[in-house]
Chemist: 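So that we are looking at the same thing, I have put the structure below in structure tokens.
Excluded from the calculations below are hydrogen atoms, water molecules and symmetry mates; all remaining heavy atoms, backbone and side chain alike, are included.
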Amino acid sequence: MSAIGAFTFVLHSHLPYARLAGRWPHGEEWIHEAASETYIPLLDALYDLREEGVRYKITVGITPVLAEQLADADVLAHLDEYLEDKIARAKQDVLRFRGEEAPRPVAREEAEEGDLPAVDRGAVVAALAASDEGERAALPAEKPWWVGHKHLEYLASFYQHYYERIKDSLARRYNRDLIGAFKRLQDEGYIEITTSAATHGYLPLLGTDTAIRGQLKTGAQSYRRFFKRAPRGIWLPECAYRPAYYEDDGTIRPGIEYFVAEQGIKVFFSETHLITGGAPVGVAAGEAIGPYGVIKRRYLVPMSAAPVPGEPLTTFRAYYVSDTTAGPHVDEHSGVAVIGRNNETGQRVWSAQWGYPGDFDYREFHRKDGVSGLQYWRVTGAKVDLGDKDFYHPDWAQHKVRMHAQDFAALVERILQAQWDFGEGYGFIASNYDTELFGHWWFEGVDWLKQVLRLLAENPKVDLVTASEYVEQHPPQRVIHLPEGSWGAGGTHFTWDNSETHWMWAPIHDAERQMQRLADQYKDRYDDDLLRGVLNQAARELVLLESSDWPFLVTTGQARQYAVQRFSQHVERFLALASSVERGQPDGALAAELWEKDRLFPDIDYRWWCSG
């Protein structure tokens with residue numbers, strides 16, 4: 001039987017730059033959590049399928065700034081410490097639930113913020129070994145309710161073995177090289193790794209063309225260094241796109257597709273509503289309030305509510321993006337294709353009302369134990385208070401994983417069959433998600449992905465493909481004018497430019513203009529080691545301060561103070577370096593000091609910010 005359509009998961013993996021920039025609750029521990037709960041479990045799942053002989057395909061985006069951190073020796077050393085701590089806390093809980101340890105708990109609210117009591121790893125290991133050999137203290141006549149609770153003891157052992165497996169995979173299965181492990185899967189044809197802007201800079205709001213080019217070129221060069229090939233696909237940060245437009249002085253700012261094409265990249269992804277021209281749905285369905293978000297521009301290609309009239313556009317096809325810089329009557333496309341997120345499959349996971357992760361038997365993310373910080377509870381119910389949650393049962397959750405994997409695989413087939421039956425021919429579904437949703441937020445999510453890939457690989461009606469593979473095998477037949485927008489609130493730029501964050505954009509734009517001036521002034525002085533070192537470090541600080549994470553964290557309130565501090569820190573570092581060059585006294589010592597703090601993008605080149 002011939003396939004009637006194609007499918008790919010598109011996973012977007014990204015974390016802000018947090019190396020040596022704080023630990024819990026905000027900082028490098030973000031990387032440790034994601035590595036132990038998402039990235040390593042995902043690698044385990046993909047390598048398991050490979051060893052089973054399952055010929056799956058999947059698209060996995062890894063942002064350059066994340067790749068730099070996952071390959072960093074300091075981050076990996078601290079990940080080892082993190083895993084050792086998790087294992088020790090699980091072992092301590094085994095003893096606690098047996099009644100042989102009585103550490104001081106903290107309030108639930110403090111546990112949820114990670115303010116946990118320290119654990120003596122050596123003492124815990126020795127005590128558990130003795131307990132396992134039968135040397136157990138007699139239980140007191142009056143004991144806390146959790147003492148002797150066999151299910152809690154089982155859950156503590158469950159977590160102990162979970163983190164031991166993760167630690168073993170890191171050390172033995174992947175030889176402490178997570179980026180290399182992803183590279184091998186790409187080299188063998190199982191996955192396509194897509195890139196992004198260097199530090200996830202919010203491209204439509206960057207103030208100069210050289211700033212956009214610098215973000216993309218830095219990201220592409222980082223990709224080549226890690227994966228030994230050029231990227232074919234890109235996840236635009238926050239799925240944010242804008243076409244070409246006129247500045248007030250008549251200068252043309254090229255569309256984002258122009259800069260993507262410069263890097264030889266062939267495909268990017270967009271939110272559903274940018275393709276269909278309909279109302280934003282899902283994550284993009286919030287409302288923007290106030291004068292921000294919607295920006296009035298004079299486009300070269302007039303935009304309307306629908307991208308093009310006539311035949312409706314659909315996410316079941318890829319389209320070429322028009323060369324918006326050339327104006328409305330040009331017949332040429334940009335050479336770059338766009339793939340829209342399929343909403344129906346996406347809502348099966350993203351929907352807060354009826355998405356799979358909200359099933360009552362899945363692990364509750366938000367409630368954490370007051371001693372170990374481990375999560376011993378299940379969702380339980382839609383409106384159940386955290387304090388009233390029932391205990392987690394991994395076997396119940398695995399049963400739901402099987403059910404939901406079968407449901408999703410059947411949904412993919414039904415959608416493609418309906419397209420076929422309606423005479424639409426060979427269809428395509430891209431189901432796009434943040435990678436960290438799986439494992440970290442939805443604990444069982446990686447197991448679900450694994451089972452869905454296995455089921456779809458067995459289905460003769462469905463071709464599993466990667467994004468650029470699909471575009472190569474089924475070149476787009478239509479060219480569209482893509483409107484401006486993002487996945488954020490209201491489908492606009494509001495999440496990143498609002499009353500809480502608008503103050504950040506003036507220093508960003510000032511730094512971008514200053515970087516361009518210095519690059520132009522000293523483009524012929526690259527052989528000057530001192531000057532090159534200072535300007536290259538200034539370029540690193542520029543891309544770091546441009547990160548979309550800082551305004552996002554301020555807007556959402558998740559880590560407002562931390563984000564403001566980090567943003568301001570990188571602005572100050574950039575200004576100190578740039579000012580030293582403008583004074584004619586490049587500060588090589590400061591550049592060297594900051595390189596040790598911000599050790600990423602070693603092959604960055606300040607000349608990428610030249611205007612000519």
Chemist: Minimum heavy-atom separation for L15 to I31, with atom names?
Modeler: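 Smallest heavy-atom distance, with atoms named: CD1-CA, 3.7 Å.
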
Chemist: Could you pull out all residues at least two apart from Y433 that satisfy side-chain hydrogen bond (donor to acceptor under 3.5 Å, both in side chains)?
Modeler: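 Only S431 meet the side-chain hydrogen bond (donor to acceptor under 3.5 Å, both in side chains) criterion with Y433.
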
Chemist: Can you give the donor-acceptor pairs under 3.5 Å from side chains of residues 196-207 to other protein atoms, not counting sequence neighbours?
Modeler:
from	atom 1	to	atom 2	distance (Å)
S196	OG	W235	O	2.8
T199	OG1	Q215	NE2	3.0
T199	OG1	V543	O	2.3
H200	ND1	E238	OE2	3.4
H200	ND1	S548	OG	3.0
H200	NE2	H12	NE2	3.0
Y202	OH	H493	ND1	2.6

Chemist: On a heavy-atom basis, which atom in V534 and which in S580 lie closest, and how many Å separate them?
Modeler: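 Result for this residue pair: CG1-OG, 3.9 Å.
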
Chemist: With a 6.0 Å cut-off on the ring centroids, do Y241 and W487 count as close?
Modeler: no

Chemist: May I have all residue pairs that pass salt bridge (Lys or Arg N to Asp or Glu O under 4.0 Å) and include part of residues 532-549, sequence neighbours excluded?
Modeler: D529-R532

Chemist: Might you point out which heavy atoms bring T501 and W505 nearest each other, and give the distance in Å?
Modeler: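 Shortest heavy-atom contact: O-CD1, 3.7 Å.
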
Chemist: Which atoms form the tightest heavy-atom contact between P476 and V471, and what is the distance?
Modeler: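 In this case the closest contact between P476 and V471 is CD-CG1, 4.1 Å.
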
Chemist: One pair to check against side-chain contact (heavy atoms from CB on, under 4.5 Å): F574 and L594. What are the steps and the verdict?
Modeler: CA-CA 10 Å; F574 171 83; L594 294 180; over 6 Å; no

Chemist: Walk me through it: do E484 and Y245 pass the test side-chain contact (heavy atoms from CB on, under 4.5 Å)?
Modeler: CA-CA 11 Å; E484 184 160 1; Y245 70 96; over 6 Å; no

Chemist: Would you name the heavy atoms of L518 and A578 that are closest together and state the gap between them?
Modeler: CD1-CB, 3.7 Å

Chemist: Work out which heavy atom in Q221 is nearest to a heavy atom in D603; give both atom names and the distance.
Modeler: NE2-OD2, 3.2 Å

Chemist: With a 6.0 Å cut-off on the ring centroids, do W503 and F567 count as close?
Modeler: yes

Chemist: Counting distance only, does the side-chain N/O of T8 pair as donor-acceptor with the main-chain N or O of V10 below 3.5 Å?
Modeler: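 Flag not set: sc T8 to bb V10 has no pair under 3.5 Å.
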
Chemist: Salt bridge check, D520 against R517: does any charged N sit closer than 4.0 Å to a carboxylate O?
Modeler: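 No, R517 and D520 are not salt-bridged.
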
Chemist: Just checking, any donor-acceptor pair under 3.5 angstrom between side chains of S611 and T210?
Modeler: no

Chemist: Applying side-chain contact (heavy atoms from CB on, under 4.5 Å), run through L600 and Q69 and close with a yes or a no.
Modeler: CA-CA 8 Å; L600 78 172; Q69 294 178 97; over 6 Å; no

Chemist: Quick check on side chain to side chain contact (heavy atoms under 4.5 Å, CB included): which of V479, T314, I339, L482 does Y319 satisfy it with?
Modeler: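 Only match with Y319 under side chain to side chain contact (heavy atoms under 4.5 Å, CB included): T314.
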
Chemist: CD1/I480 to OG1/T324 distance, rounded to the nearest 0.5 angstrom?
Modeler: 11.5 Å

Chemist: Can you list the steps and then say if Y17 with H570 is a ring pair (Phe, Tyr, Trp, His ring centres under 6.0 Å)?
Modeler: CA-CA 11 Å; Y17 191 67; H570 291 300; 7.2 Å; no

Chemist: Would you mind listing every salt bridge (Lys or Arg N to Asp or Glu O under 4.0 Å) that reaches into residues 251-263, with sequence neighbours excluded?
Modeler: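 Pairs touching residues 251-263 that pass the test: D209-R253, R213-E262, E247-R253.
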
Chemist: Side chains of Q375 and R363: any donor to acceptor distance under 3.5 Å?
Modeler: yes

Chemist: Test W30 against Y562 for ring pair (Phe, Tyr, Trp, His ring centres under 6.0 Å), laying out the working first.
Modeler: CA-CA 13 Å; W30 286 339; Y562 178 81; 5.4 Å; yes

Chemist: Checking side chain to side chain donor-acceptor pair (under 3.5 Å) against T555, which of D497, N498, T495 comes through?
Modeler: N498

Chemist: Considering residues at least two apart in sequence or located in another chain, which fulfil the side-chain hydrogen bond (donor to acceptor under 3.5 Å, both in side chains) criterion with E582?
Modeler: Q514

Chemist: Answer with yes or no whether the side chains of H481 and S322 bring together a donor and an acceptor at under 3.5 Å.
Modeler: yes

Chemist: Test side-chain contact (heavy atoms from CB on, under 4.5 Å) on C610 and K523 and set out the steps.
Modeler: CA-CA 7 Å; C610 288; K523 62 183 177 183; 3.5 Å; yes

Chemist: When you check the side-chain N and O atoms of T208 and E512, is any donor under 3.5 Å from an acceptor?
Modeler: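 Looking only at side-chain atoms, E512 and T208 do not form any donor-acceptor pair under 3.5 Å.
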
Chemist: I'd like to know if E593 pairs up with K597 as an ion pair, taking the criterion as any Lys NZ or Arg NE/NH1/NH2 lying under 4.0 Å from an Asp or Glu carboxylate oxygen.
Modeler: yes

Chemist: Over 60° means perpendicular and under 30° means parallel, so classify the ring planes of H32 and Y82, tilted if in between.
Modeler: tilted

Chemist: Please list all pairs passing the salt bridge (Lys or Arg N to Asp or Glu O under 4.0 Å) test where one or both residues lie in residues 58-70, with sequence neighbours left out.
Modeler: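 Every pair satisfying salt bridge (Lys or Arg N to Asp or Glu O under 4.0 Å) with a residue in residues 58-70: E68-R225.
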
